[in-house]
Amino acid sequence: MKIYKTLRTAIVGCGLIGKKRARWVQEDPRTALDSVVDLNRANADALAAEFQVKAETDWKQAVKNPDIDIVIVSTPNHLLCPIASAALKAGKHVLIEKPMGRSLAEAKIMAKASKSAGKKLKVGFNHRYHPALLEAHDIIENGEIGKIINLRAIYGHGGRMGYEKEWRGNPKLSGGGELTDQGVHLINLMEWFCGEPKQVSCFLQTAHWNIKPSEDNGFAILRFKGGVLGSFHSSWTQWKNAFAFEVFGDKGFISINGLGGSYGAETLTIGTRKAPGQVPEMSSKTFEGEDLSWKREWDDFVSSIENPKRRMMGGAEESVSVMKVLDALYRSNRSGKTIILN
Ligand SMILES: NC(=O)c1ccc[n+]([C@@H]2O[C@H](COP(=O)([O-])OP(=O)(O)OC[C@H]3O[C@@H](n4cnc5c(N)ncnc54)[C@H](O)[C@@H]3O)[C@@H](O)[C@H]2O)c1
C-alpha cells in the first residue's frame, strides 16, 4: 500500500468561503490545516481559534512557507490571480474560488503558472459536486433523456443591505457583477453537459443596485455544437434565492431545483416519454442534509494531487474555457452582437 504524506494546507481569506473550506481540510485524513491568513486580523484569529492553528495576516509570507503543500485562496476576486500565481511559483498546489480571476487574461496567467510549476490548480466550481447535478450528469450520459436539445437555467438572490458597498459591487475588486459572480457557475455547468459553446449573445442590466458599470442581471444565450441551445438568467434582484437547471432531450427532460439552505431543498426530477407524443412519466427525489459539495470537491482535488493522471473537475483548462465564454458574453453586451468563439 502506498503511504502518502499529510498535505499541509494554508487558507488565505477567512470570510464566508474560507470558513467552509477549513472543516473539510481538517476532516480529510490526507490533509491538515497548517495556518489561516487574513488581512483582517480578527477574521484570521477567529478561524484559527476554531481549528487550533496559526493565524497570519501576510499572504506573501504564507505562500513562501516551505511547510505548506497546498494554498486555498478564498479572498475577493482581485487577489485570486496574484496569490495563486505566487503560490504556484513557490511550488504549492492551489485551489482558488471561482471565478478564475477577474478576466480571461488573469485566468490564462494562472493556467500558465500551473503548467510551468507542474502543480495542480483547481477552481472552486463546487456546483458540479451537488448530488442532483452529479446524478443528472449520469442520467444524461446513460442516454435516458436521449440527445440534448436545449438547456435553461436561473441563479440568483436579492443581495442584502449595503450590497453595493461590498467588494462584489466594485469591478476593480470583482471583475464584474452578477454574471461574473453566479453566472460563471451556470456557464461551467452548461459546459459539463454540452462542451464549449460556439456562439454566445448577452444582455446585461443594472436595474436596482447602485453598482454601475457592473451589472445586477445578466441574460445569456449560448449555442453549442450541433445547434444545441442554452439560456440563463443570473440575478441580484431575485428577491427570493433561486437555483433552477433544466436539460431537455429528445426522449425526456431533467429538472433540478434548489441547492439546499436558502436556495430551497435540492430536488431532481426526471421525465421520460415512452413514445413520441406521450405524456412523460415523472419521478422526483429530494436530497436532504448538509451541502457536501465542498467535501467532494476537496476530495477530488486531493485525489488528483496524489494521482496526477486522475481527471479532476475544475482544472485549469476547463476553467479558462468558462472565462473565455464569460469574456465573450461581456463583449456581446458591449457590442450588441453575437460573438463567435473558436
Ligand atoms: N463556490 C461558491 O458558490 C462561492 C460562493 C461565495 C463566494 N465564492 C468565492 O469565494 C471568494 C471569497 O468570497 P467570500 O464570500 O468568502 O468573501 P468574504 O468577503 O466573505 O471573504 C473574503 C475574505 O478575504 C479577506 N481578505 C481581503 N483582502 C485580503 C488580503 N490581502 N489577504 C488576506 N485576506 C484578505 C477579507 O478580510 C475576508 O475575510 C470569492 O472569489 C467568491 O467569488 C464562491
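Just follow the structure's listing: the first ligand is 1, and inside any ligand the first atom is 1. Residues: numbered from 1 along the sequence shown.
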With a 6.0 Å cut-off on ring centres, are Trp236 and His208 close enough?
no
Answer yes if the side chains of Tyr155 and Ser235 hold a donor-acceptor pair under 3.5 Å, and no otherwise.
no
Going by the angle between their ring planes, with limits at 30° and 60°, are His185 and His127 parallel, tilted or perpendicular?
parallel
Who's touching ligand 1 if we go heavy atoms under 4.0 Å?
Val12, Gly13, Cys14, Gly15, Leu16, Ile17, Asp38, Leu39, Asn40, Asn43, Trp59, Ser74, Thr75, Pro76, Asn77, Leu79, Leu80, Glu97, Lys98, Pro99, Gly124, Asn126, His127, Trp167, Arg168, His185, Trp294
What I want to check is whether the side chains of Trp209 and Thr237 have a donor and an acceptor closer together than 3.5 Å.
no
If you count the non-hydrogen atoms of other residues, nucleotides and ligands that lie under 6.0 Å from CD in Gln278, is the total more than 12?
yes
Is the Phe203 to His233 ring centre distance short of 6.0 Å?
no
